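One structure is given below, encoded as structure tokens.
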Number of protein chains: 2
Amino acid sequence: MSGEKNYECLRLGNQMCFPLYAASREIVSRYKAPLDEIGLTYTQYITMLVVWEHNVISVKDIGKLLYLDSGTLTPLLKKLEQKGYIERKRDSSDERLLNVSLTEEGLALRDKALEVPEKVACTIDLAPEEVSFLCRILHKLIGEKE
Amino acid sequence: MSGEKNYECLRLGNQMCFPLYAASREIVSRYKAPLDEIGLTYTQYITMLVVWEHNVISVKDIGKLLYLDSGTLTPLLKKLEQKGYIERKRDSSDERLLNVSLTEEGLALRDKALEVPEKVACTIDLAPEEVSFLCRILHKLIGEKE
DNA sequence: TCAAATTTGGTTGTGCGCAATTTAATTTTG
DNA sequence: CAAAATTAAATTGCGCACAACCAAATTTGA
């Protein structure tokens, strides 16, 4: 009964995971040059996106939005604090919560960051419908988390 | 002239990069449980996929297929060698090349690995057309590398 | 009311990814 | 042919991701 197993499903090209993994790394890598100019890494950048949107937000809520845990966020937020872009303060009504807030420098950085998505977007050769379809499917995958 | 800048493009939801990054991590994380059972990490797994397909392949060619460099592959391949799944030998006709080949144990592991893509696939709630469309677009993104 | 359970963030350790540099082997060229 | 250029892999160092564990604050519920 054995000897003739079908290993087709183990081919690199026959699993969705690999193109997803490779495309993610490829796109993230395109942020490197523009982000180097403003001195942020990719993860620091998406963290700043969240802080810019909320002005004040807890580590817990950043984690929910980015799907990252404290093991990733704690050292990253300390680094952003060192760079002077954010402040970290315990919430006075619940000392378990750590609130992250924007500094003046952090707010100023936002203007410089405006160029980043522009520079990346023009390297992506997809039709608008392809982008929106892609986003819809990806959100479906992410949404399956909960 | 300033004061009323449009920061819409800096919203987390308005860039393709984030859902791609999040979905990639989400899907890779679904491999963890099945891969734990056979003692491989995700990157070790896709490396074994390539070795299973080729039986003998150089580090250079593995890198081309997975878009990974020696900084990632060298320690990973040493670990796979320690586990007894592969052998590493310099190519006799070009000593710069390091050929990776399957051991008996490595070949046997392939049968156990057959369950992995099955277990992951059934956690992905996408229609077949969605999967194929997704793969097509992702390959378009990856293909832009060259 | 107070002990148990939960929540939040921090810490530690492992394994990638990737840039930058190094070393050795091979190929190209003057 | 010998020097220069190229190529392949290894090494080093940094920054994530993530699991596992911990401590402190808060909530709960008997």
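Protein chains get the first letters and strands the later ones, always in sequence-line order, with residue 1 at the start of each. Everything numeric here is computed off the predicted structure, so don't read it as measured data.
In B:Glu95, the CD atom is crowded: over 12 heavy atoms of neighbouring residues, nucleotides or ligands sit closer than 6.0 Å.
Within the structure, a side-chain polar atom (N or O) of A:Thr74 is placed less than 4.0 Å from OP1 or OP2 of C:dG10. Checking the phosphate oxygens (OP1, OP2) of C:dG10, a side-chain nitrogen or oxygen of A:Arg88 falls inside 4.0 Å. When the side-chain nitrogen and oxygen atoms of B:Lys79 are compared with OP1 and OP2 of C:dG15, one or more of them lie within a distance under 4.0 Å. Look at B:Ser29 and you won't find any side-chain N or O under 4.0 angstrom from OP1 or OP2 of D:dC18. Distances shown here put a side-chain N or O of B:Thr43 below 4.0 Å from the OP1 or OP2 atom of C:dG17.
Comparing A:Lys78 and B:Asp69 against DNA chain C, the residue whose closest nucleotide sits nearer the 5' end is A:Lys78. Residue order along DNA chain C, read from the 5' end via each residue's closest nucleotide, puts A:Arg90 first among A:Arg90 and B:Ser70. Nearer to the 5' terminus of DNA chain D, by closest-nucleotide assignment, is the contact made by B:Pro75 (compared with the other of B:Lys32 and B:Pro75). Comparing A:Asp94 and A:Tyr42 by the nucleotide of DNA chain D that holds the closest heavy atom to each, the one mapping nearer the 5' end is A:Tyr42.
Ring pair A:Phe18/B:Tyr67 is parallel by interplanar angle, where below 30° counts as parallel and above 60° as perpendicular.
When rounded to the nearest whole Å, the span between CG of A:Asn99 and P of C:dT8 equals 12 Å. When the P atom of D:dT26 is taken as reference, atom CZ of A:Arg96 falls 7 Å away, rounded to whole Å. With rounding to whole Å, A:Met48 atom CE is found 13 Å from D:dC16 atom P. One atom, OH of B:Tyr67, and another, P of C:dA19, lie 16 Å apart when rounded to the nearest Å.
Picking from C:dC16, D:dA8, D:dG15 the nucleotide with the shortest atom distance to the side chain of A:Thr41 gives D:dG15. Of the candidates C:dC16, D:dA8, C:dG9, the closest approach to any side-chain atom of B:Gln44 belongs to C:dC16.
Side-chain contact of A:Gln15 with B:Tyr31: a donor-acceptor pair under 3.5 Å is present, judged by distance alone.
Smallest separation of non-hydrogen atoms from B:Ser70 and B:Pro75: O-CD, 3.9 Å.
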